[in-house]
2 protein chains.
Amino acid sequence: MEARRDVFQAIADPTRRKIIGLLADSSKNLNSISENFNMSRQAVSLHIKILQECDLIVVQQKGRERICEVQLEKLNEVYEWTDQFRTFWTNKLHALKKVVEQPNDHIDSPKKL
Amino acid sequence: MEARRDVFQAIADPTRRKIIGLLADSSKNLNSISENFNMSRQAVSLHIKILQECDLIVVQQKGRERICEVQLEKLNEVYEWTDQFRTFWTNKLHALKKVVEQPNDHIDSPKKL
DNA sequence: TATATTTGCAAGCAAATACTTGCATAATAT
DNA sequence: ATATTATGCAAGTATTTGCTTGCAAATATA
């Protein structure tokens, strides 16, 4: 069953987030990744597969080894989604400040909230 | 079954992300939220519950209504996790530039990225 | 060639997820 | 008082998830 497979789903699992962290440091083959976890190699392999399916990881066959490289840019989707709301929560602090500090409008105000 | 319940898990579901978006605009009661979806009220109610369990939503009883308010600050955990890697992928572009462009430091540089 | 290593594939399983429908309950409106 | 509205609770189901173990295959090393 090909289920929904997106970046948000992929990073929902803590093991997969840890894998991303490991690979951000340097590319690694499947076995050396799985050494960092208390689960079977197969379990890790499955996580890798999921990360691959949403292009967070690119796997390159090198002899009998599979070198996994993380594509951190793919996290941009998540970054942007959260960042969109970040302006909301930072504005909770700044919006008030702006209103209070501005006794009247100036010509050079480019934007008003 | 009390499963792992964290923000990453919570935002993995597209319905829940949409709920967050809706509530970012303004707080709403359960029924008016569920009007935006093609699923049963119960299904939406369950999503709300999950969002509540990780403090992304605070529910306030008001008579017979339950007003849902989103706590966008809780997304900071996700923001920071992605941002940590963002420096990696933006550095792919900027790191080289920095090294090349900066022959020495200046006093009047208020901030360096 | 015999053996180690790195990996894939497949079956099996318990738990979680994402829903559904039906009924109960409490607050409000007529 | 009765109907309407907003909601919760519980049971049931199909699918997905996160793992396991066993076996096979391909590559590298002795």
Side-chain angles (χ1 to χ4, degrees), chain A residues 1-23 25-70 78, chain B residues 1-23 25-70 78:
Chain A
M1 296 290 105
E2 284 304 305
R4 169 168 41 84
R5 192 67 79 205
D6 58 57
V7 183
F8 288 94
Q9 190 66 42
I11 64 163
D13 187 274
T15 301
R16 290 197 286 269
R17 287 200 299 280
K18 196 177 166 185
I19 291 174
I20 290 168
L22 286 166
L23 294 178
D25 192 45
S26 70
S27 295
K28 289 172 182 61
N29 70 4
L30 219 155
N31 259 14
S32 59
I33 293 168
S34 68
E35 276 166 17
N36 297 277
F37 300 95
N38 291 326
M39 62 186 73
S40 72
R41 178 181 50 82
Q42 292 303 338
V44 174
S45 178
L46 217 147
H47 283 302
I48 299 283
K49 200 175 179 181
I50 289 167
L51 290 166
Q52 237 188 302
E53 279 170 15
C54 62
D55 300 318
L56 262 166
I57 277 182
V58 166
V59 178
Q60 195 185 346
Q61 195 80 31
K62 208 162 197 174
R64 67 185 158 182
E65 289 179 63
R66 290 172 68 91
I67 310 296
C68 303
E69 185 184 352
V70 68
V78 180
Chain B
M1 296 293 105
E2 283 305 305
R4 170 168 39 86
R5 193 66 80 205
D6 58 57
V7 183
F8 287 93
Q9 189 66 40
I11 64 164
D13 187 274
T15 301
R16 289 196 288 268
R17 286 201 299 279
K18 195 177 167 186
I19 291 173
I20 291 169
L22 286 166
L23 295 178
D25 192 45
S26 69
S27 295
K28 288 169 182 63
N29 70 5
L30 218 154
N31 259 13
S32 58
I33 293 168
S34 69
E35 276 165 17
N36 297 278
F37 299 95
N38 292 326
M39 63 187 74
S40 72
R41 178 182 50 80
Q42 291 303 337
V44 174
S45 178
L46 216 146
H47 283 303
I48 300 282
K49 200 176 180 183
I50 288 167
L51 290 165
Q52 236 188 304
E53 280 170 14
C54 62
D55 300 319
L56 262 165
I57 277 183
V58 166
V59 179
Q60 194 185 347
Q61 195 79 31
K62 207 159 195 175
R64 66 183 159 184
E65 291 179 61
R66 289 171 70 89
I67 310 294
C68 303
E69 184 185 353
V70 67
V78 180

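The figures here come from the full heavy-atom set of this structure, side chains too, leaving out hydrogens, waters and symmetry mates. Reminder, nothing fancy here: chain letters follow the sequence lines and each chain counts from 1.
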If the cut-off is 4.0 Å, is A/Ser45 near the phosphate of C/dG8, judged by side-chain N/O to OP1 or OP2?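 Affirmative; the distance criterion is met.
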| field | Phosphate contact (C/dA18 OP1 or OP2) by B/Thr15 side-chain N/O below 4.0 Å | value |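 No.
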Whole-Å gap separating [atom2] ([N]) and [atom1] ([X]):
X       : N      : atom1 : atom2 : answer
A/Leu46 : C/dA11 : CG    : C1'   : 13 Å
A/His47 : C/dT7  : NE2   : C1'   : 17 Å
B/Arg64 : C/dA24 : CZ    : P     : 20 Å
B/Glu35 : D/dT7  : CD    : C1'   : 14 Å
B/Arg66 : C/dA27 : CZ    : C1'   : 14 Å
B/Ile11 : C/dA18 : CD1   : P     : 13 Å
B/Lys18 : C/dA18 : NZ    : P     : 16 Å
B/Ile50 : C/dA18 : CD1   : C1'   : 8 Å

Looking at the side chain of [X], which of [options] is the nearest nucleotide?
X       : options                : answer
B/Arg5  : C/dT17, D/dC19, C/dC19 : C/dT17
B/Glu65 : C/dT7, D/dC19, D/dT7   : D/dT7
A/Asn31 : C/dT6, D/dA6, C/dA18   : C/dT6
B/Ser40 : D/dT21, D/dG18, C/dT21 : C/dT21

| said: Run the side chain to side chain contact (heavy atoms under 4.5 Å, CB included) test on A/Lys28 and A/Leu23 for me, step by step, so that the C-alpha distance in whole Å, both residues' side-chain angles and the decisive distance to 0.1 Å come before the verdict. | reply: CA-CA 7 Å; A/Lys28 289 172 182 61; A/Leu23 294 178; 3.8 Å; yes
Original post:
If anything within 90° of 0 is syn and all else is anti, what is C/dA15?
Top reply: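 Anti conformation here, the glycosidic angle of C/dA15 being more than 90° from 0.
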*asked:* When you measure from the side chain of B/Arg17 to the backbone of B/Ile11, do you find a donor-acceptor pair of N or O atoms at a distance under 3.5 Å?
replied: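 Side chain of B/Arg17 to backbone of B/Ile11, a donor-acceptor pair under 3.5 Å: yes, one is there.
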For side chain to side chain contact (heavy atoms under 4.5 Å, CB included), just list the numbers for A/Met39 and A/Thr15, CA-CA rounded to whole Å, side-chain angles, deciding distance to a tenth of an Å, and then say yes or no. CA-CA 10 Å; A/Met39 62 186 73; A/Thr15 301; 3.6 Å; yes
What's the angle between the local helix axes at either end of the helix from C/dT5-D/dA26 to C/dT30-D/dA1, using five pairs per end and rounding to 10 degrees?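 The two end axes of the helix from C/dT5-D/dA26 to C/dT30-D/dA1 meet at 30°.
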On a heavy-atom basis, which atom in A/Arg16 and which in A/Gln9 lie closest, and how many Å separate them?
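Minimum heavy-atom separation between A/Arg16 and A/Gln9: NH2-O, 3.4 Å.
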* Intermediate values then yes/no, side chain to side chain contact (heavy atoms under 4.5 Å, CB included), B/Cys68 and B/Val59 -> CA-CA 5 Å; B/Cys68 303; B/Val59 179; 4.1 Å; yes
Check: What residues form a side-chain hydrogen bond (donor to acceptor under 3.5 Å, both in side chains) with A/Ser34, not counting sequence neighbours?
Finding: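 Per chain and number, A/Ser34 pairs via side-chain hydrogen bond (donor to acceptor under 3.5 Å, both in side chains) with no residue.
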Tell me, yes or no, whether the heavy-atom count around A/Lys49 atom NZ, taken from other residues, nucleotides or ligands under 6.0 Å, exceeds 12.
->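 Open: at most 12 neighbouring heavy atoms sit under 6.0 Å from NZ of A/Lys49.
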Exercise. Got a donor-acceptor pair under 3.5 Å from the side chain of B/Gln42 to the base of C/dC19?
Worked result: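 Looking at the base of C/dC19, it does not pair with any donor or acceptor on the side chain of B/Gln42 (distance under 3.5 Å).
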Inset, instruction - Report the residue (A/Arg41 or A/Lys62) whose heavy-atom-nearest nucleotide on DNA chain D is the more 5′ of the two. - result: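 First, find each residue's nearest nucleotide; the 5'-ward one identifies A/Arg41.
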